[in-house]
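Below is one structure, written out as structure tokens; the observations come after it.
In what follows, chains are A, B, ... by sequence order, proteins preceding strands, each numbered from 1.
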Number of protein chains: 2
Amino acid sequence: MIQDDRDRAILRILQANARITNAELAERVHLSPSACLRRVRALEESGLIRGYTMQLDPKAAGFPGTAFVMIALDQQGRASLDAFEGQVMKHPEILECHLLAGAHDYLVRVAYRDSADLERIHAEILTQLPGVTRVQSTLTLRTVKRTTALPV
Amino acid sequence: MIQDDRDRAILRILQANARITNAELAERVHLSPSACLRRVRALEESGLIRGYTMQLDPKAAGFPGTAFVMIALDQQGRASLDAFEGQVMKHPEILECHLLAGAHDYLVRVAYRDSADLERIHAEILTQLPGVTRVQSTLTLRTVKRTTALPV
DNA sequence: TTTGAAAACCAACCGAA
DNA sequence: TTCGGTTGGTTTTCAAA
């Protein structure tokens, strides 16, 4: 768990730059390197830190666009949801999948290389997921902001 | 730019674990440490790599829920969009903001600590953004998948 | 690709609150 | 007892050969 503002400072810095050296991190939060490292390890052990990832520029990586897709299932039993979600996990084109409150639809975000690629993802992946009755895509014209940082 | 499958392998590994040492990364892609480091540096220079971030567990960090919010503006001129987006960038509670095709609405994702916090974000932030005419929130019951990794 | 100096890491230990 | 600081051997980095 987060103990104090020192921990919060460490988390804010690491969220912005996960490859900072422990020595510099320690300096920025006014701790000795060893004390700082002990806190980071404790935060990792506690399960608060899920991991460290590299952020790519989507356009430069060949994914100029993403789309949001609303997906409705024909049934909402535990087994149906599990079957659907299990398949979702297998497709790297599906970046995110959220179960929404209300109509119990899924909101999915996919990355595609061009319009033909989006066609393929729609036809070969999304509509083939188990139990799907409705698939409605909305293209993203522009991503204004996309952070993985939480306001700790 | 990405040169070959070696580069792609490096990117896949770093997307999954940004804190791997250069020595281990080199071993896993069958390169010498110095050759591997040279490639990573080149990928960084090219702008493909946007940065390295730490992933927190949202629940453990005190953010049990996120919500998607559709926001419509009363005007769609360049100036209106810029004013809106400029304010969006200032609020850390707003994790993402996408301009959608079609009705030219924004889809925004916010993190909140509890229902009172969501109320506050709705009343004090979202409805106060410049030019907003309609704000419609949908809670996320469960996030099935959330990756920042692109399928390079 | 190899190498070696400099930097960073991190475990063991010490001291203060 | 817990938390921060110090030390020193080990690992990693990275530029020169």
Side-chain angles (χ1 to χ4, degrees), chain A residues 1-62 147-152, chain B residues 1-64 92 113 147-152:
Chain A
M1 290 306 95
I2 300 173
Q3 301 293 343
D4 52 22
D5 284 344
R6 205 43 99 32
D7 277 358
R8 271 181 274 275
I10 289 173
L11 294 176
R12 277 195 297 272
I13 293 170
L14 282 175
Q15 283 192 110
N17 175 12
R19 299 209 69 167
I20 189 176
T21 65
N22 181 61
E24 186 181 341
L25 176 61
E27 188 177 354
R28 287 182 55 184
V29 299
H30 309 296
L31 276 179
S32 74
S34 67
C36 184
L37 187 64
R38 231 172 311 145
R39 278 177 180 260
V40 173
R41 289 290 175 267
L43 290 166
E44 286 172 348
E45 304 286 309
S46 79
L48 185 71
I49 296 177
R50 188 176 277 180
Y52 302 89
T53 65
M54 178 180 65
Q55 247 52 49
L56 292 181
D57 182 85
K59 278 203 180 60
T147 178
T148 64
L150 292 171
V152 291
Chain B
M1 290 303 98
I2 300 175
Q3 302 293 344
D4 54 22
D5 285 344
R6 207 38 102 32
D7 276 359
R8 269 180 275 274
I10 289 173
L11 294 175
R12 277 195 298 272
I13 292 170
L14 283 175
Q15 282 192 109
N17 176 15
R19 298 210 71 166
I20 190 176
T21 64
N22 181 61
E24 185 181 342
L25 177 62
E27 188 177 353
R28 287 182 56 184
V29 300
H30 310 295
L31 277 178
S32 72
S34 64
C36 184
L37 187 64
R38 215 168 25 239
R39 278 177 181 257
V40 173
R41 291 287 175 269
L43 290 167
E44 287 172 349
E45 303 289 310
S46 79
L48 184 71
I49 295 177
R50 186 175 280 181
Y52 302 89
T53 65
M54 178 180 64
Q55 246 52 46
L56 292 182
D57 182 86
K59 279 203 181 59
F63 294 91
R113 298 186 173 280
T147 180
T148 63
L150 292 171
V152 291

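Taking atom CZ of A:Arg39 as the reference point, atom C1' of D:dG5 lies 13 Å away to the nearest angstrom.
Judged purely by atom type and a 3.5 angstrom limit, B:Gln15 has no side-chain atom pairing as donor or acceptor with the backbone of A:Gln55. Judged purely by atom type and a 3.5 angstrom limit, B:Arg19 has no side-chain atom pairing as donor or acceptor with the backbone of A:Arg19. A distance-only check finds no donor-acceptor pair linking the side chain of B:Arg8 to the backbone of B:Ile2 [under 3.5 Å].
Shown here for A:Leu150 and B:Ala61, the closest heavy-atom pair between the two residues is CD1-CB, 4.0 Å.
For B:Arg41, the salt bridge (Lys or Arg N to Asp or Glu O under 4.0 Å) criterion is met by B:Glu44, not counting sequence neighbours.
Of the side-chain N and O atoms in A:Arg6, none sit less than 4.0 angstrom from OP1 or OP2 of D:dC3.
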Footprint string (nucleotides 3-17 of chain C, 5' to 3'): B base within contact, S backbone only, - free, heavy atoms under 4.0 Å: -----SSBB------
